[in-house]
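So the structure is just underneath, and the comments pick up after that.
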Amino acid sequence: MTQNSPIGPLTTPEFKQMIQQCIHCGLCLEACPTYSIFGTEMDAPRGRIAMMHAASAGRIGLTDSFQDHINLCLACRACETACPSGVQYGSLVEVTRTTIENQRSPGFFERLLRWLSLRQMLPRVGRLRLVARLIRFYQVSGFQRLLHNLNLLPSRLKLMDNLLPAISTNYPNYRNPAPPLGTIRGRVAFFHGCVQDAFLARVNNASIRVLQRNGFEVHFPKHQTCCGAAHMHLGEQALAEDLARRNIDAFFDDKDQKNGDNESGFTAIINNAGGCGTTLKEYAHLLHDDPDYSDKARYFVAEVQDINEFLDKHLIVKPQGELQLRATYADSCHLRHAQKIIQQPRNLLESIPGLQLVELDKPDRCCGSAGVYNILQPETASAILDEKMNDIAATGADTIVTTNAGCYFQLLHGVKQSRSSARVVHLVELLEESYAAQTGEDTTKKLFV
């Protein structure tokens with residue numbers, strides 16, 4: 001293959017048709033975080049699509065320069081919201097990254113790192129929990145503080161350390177369903193995630209408690225695994241497809257199910273992370289060529305709901321405890337731009353007595369997390385985060401609310417860097433705090449044990 005010969009998936013009729021939807025109007029430019037930073041055409045959606053078109057036609061190859069511009073994209077999909085032509089930019093980037101990944105030969109260290117993280121850790125929650133427990137010891141033993149005081153951590157490790165929340169190992173009990181409090185109004189299946197479960201246990205606990213308080217019996221299908229979002233971000237489509245099949249089997253073949261509203265037997269399949277939910281909702285697209293799973297994937301996608309989306313319709317028991325907070329909501333890009341879930345989280349926040357919601361000037365802008373982007377592209381991610389933190393600071397908020405694990409980590413990093421006194425919380429944590437404030441309960445108590 002010559003350097004400029006057309007490359008595999010970039011030559012398919014479907015890919016070329018998606019490219020041709022772009023009319024080069026430039027309305028995406030103002031929405032693009034990397035264009036805001038660099039001001040270059042090749043670091044905006046329109047320019048990247050032009051490069052994809054050239055590669056598809058064989059006019060250019062997958063050169064280092066081509067890969068650099070594609071990899072600088074956060075895939076936040078803000079351009080999709082701005083686009084008047086309905087360009088499926090997220091799909092274009094995924095196909096292009098998968099093609100790049102299939103053509104290049106990474107070095108030994110990168111292959112080892114990918115094998116450890118993508119194959120051995122993320123799909124295995126037990127191993128991630130072990131890592132979280134080790135990090136918890138590192139945090140409470142004083143070793144973390146010592147390393148910081150001595151400034152001994154290399155820059156990349158220091159960045160990763162700053163992304164870490166205070167780890168809680170008060171993990172939910174997934175062995176049995178969590179019973180509803182009061183009258184049962186339905187049965188839901190809960191997708192607990194991998195990183196979310198291991199490193200943000202308090203968020204999963206709060207999610208389950210809020211569902212219980214509203215009359216839902218919460219089930220935890222066994223053998224569920226990572227959603228595959230990180231794998232898609234890194235162009236590992238085959239791995240993502242395998243994880244999708246495993247999750248579909250877990251939720252549709254759970255032996256604990258009884259008759260329910262949908263194919264799975266549940267009222268809905270609930271997740272509480274914007275990035276994970278987007279990937280779960282794209283399983284039908286991911287597996288559309290798989291004769292054994294294409295139909296199952298469509299049924300699965302039809303039942304998946306983000307917890308904000310679900311509670312906006314099913315918040316039967318309104319929170320009554322007053323929380324005197326000035327809060328701002330930082331949209332998850334994948335929740336806002338991919339899933340189009342914008343007003344529902346705001347409705348839930350406005351239902352909390354005493355909470356004052358202050359909007360950001362640019363709520364549609366990315367925080368710079370974007371899966372593993374903040375680790376792979378730390379300088380650009382930091383510049384994007386600075387813009388987000390300046391926007392947050394202008395609101396005067398004492399509480400930053402998010403709905404995605406990656407955003408949670410990134411905004412926490414921003415708070416540490418800016419020495420802000422604001423706290424970062426998931427929206428369901430505030431709902432649970434309001435419920436608990438009404439009754440005087442301990443929010444660390446597991447209602448479902």
Checklist outcome for this item: Test ring pair (Phe, Tyr, Trp, His ring centres under 6.0 Å), reference Phe300, set Phe191, Tyr283, Tyr293, output is Tyr283

Item to check | Pair Glu236 + Arg97: basic N to acidic O under 4.0 Å | outcome: no

Checklist entry - Near His148 NE2, under 6.0 Å, is it more than 12 heavy atoms from other residues, nucleotides or ligands? => result yes

Next on the checklist: Any carboxylate oxygen within less than 4.0 angstrom of a Lys/Arg side-chain nitrogen, looking at Glu309 and Lys281?
Outcome noted: yes

Checklist entry - For Met42, does the CE atom have more than 12 heavy-atom neighbours from other residues, nucleotides or ligands under 6.0 Å away? => result yes

Checklist entry - Which residue pairs pass the salt bridge (Lys or Arg N to Asp or Glu O under 4.0 Å) test when at least one of the two sits in residues 20-48, sequence neighbours left out? => result Glu41-Arg46, Asp43-Arg48

Item to check | Partner of Asp331 under salt bridge (charged side-chain N to carboxylate O under 4.0 Å, His left out), chosen from Lys340, Arg346, Arg77 | outcome: Arg346

Checklist entry - Just wondering, are more than 12 heavy atoms of other shown residues or ligands nearer than 6.0 Å to CZ in Arg119? => result no

Checklist outcome for this item: Distance col, row Glu241:CD vs Asp289:CG, nearest 0.5 angstrom, shows 8.5 Å

Checklist entry - In Å, rounded to the nearest 0.5 Å, how long is the span from CG of Leu112 to CG of Leu116? => result 4.5 Å

Item to check | side chain to side chain contact (heavy atoms under 4.5 Å, CB included) against Leu376, all qualifying residues, sequence neighbours excluded | outcome: Leu234, Val372

Item to check | Candidate pair Glu433 and Arg423, rule salt bridge (charged side-chain N to carboxylate O under 4.0 Å, His left out), full reasoning | outcome: CA-CA 14 Å; Glu433 284 182 21; Arg423 66 168 179 152; 2.9 Å; yes

Item to check | Centroid-centroid distance, His192 to Phe220, less than 6.0 Å | outcome: no

Checklist outcome for this item: Rounding to 0.5 Å, atoms OG1 (Thr395) and OH (Tyr329) come to a distance of 15.0 Å

Next on the checklist: Does Lys416 have more than 12 heavy atoms from other residues, nucleotides or ligands lying within 6.0 Å of its NZ?
Outcome noted: yes

Next on the checklist: Is the positively charged end of Arg209 above the ring of Tyr435, judged by distance under 6.0 angstrom from the centroid and angle within 45° of the axis?
Outcome noted: no

Checklist entry - Hey, mind stepping through Phe216 and His314 against ring pair (Phe, Tyr, Trp, His ring centres under 6.0 Å) and telling me if it holds? => result CA-CA 10 Å; Phe216 291 94; His314 299 93; 5.7 Å; yes

Checklist entry - Can you tell me if CZ on Arg326 sees more than 12 non-hydrogen neighbours from other groups inside 6.0 Å? => result yes

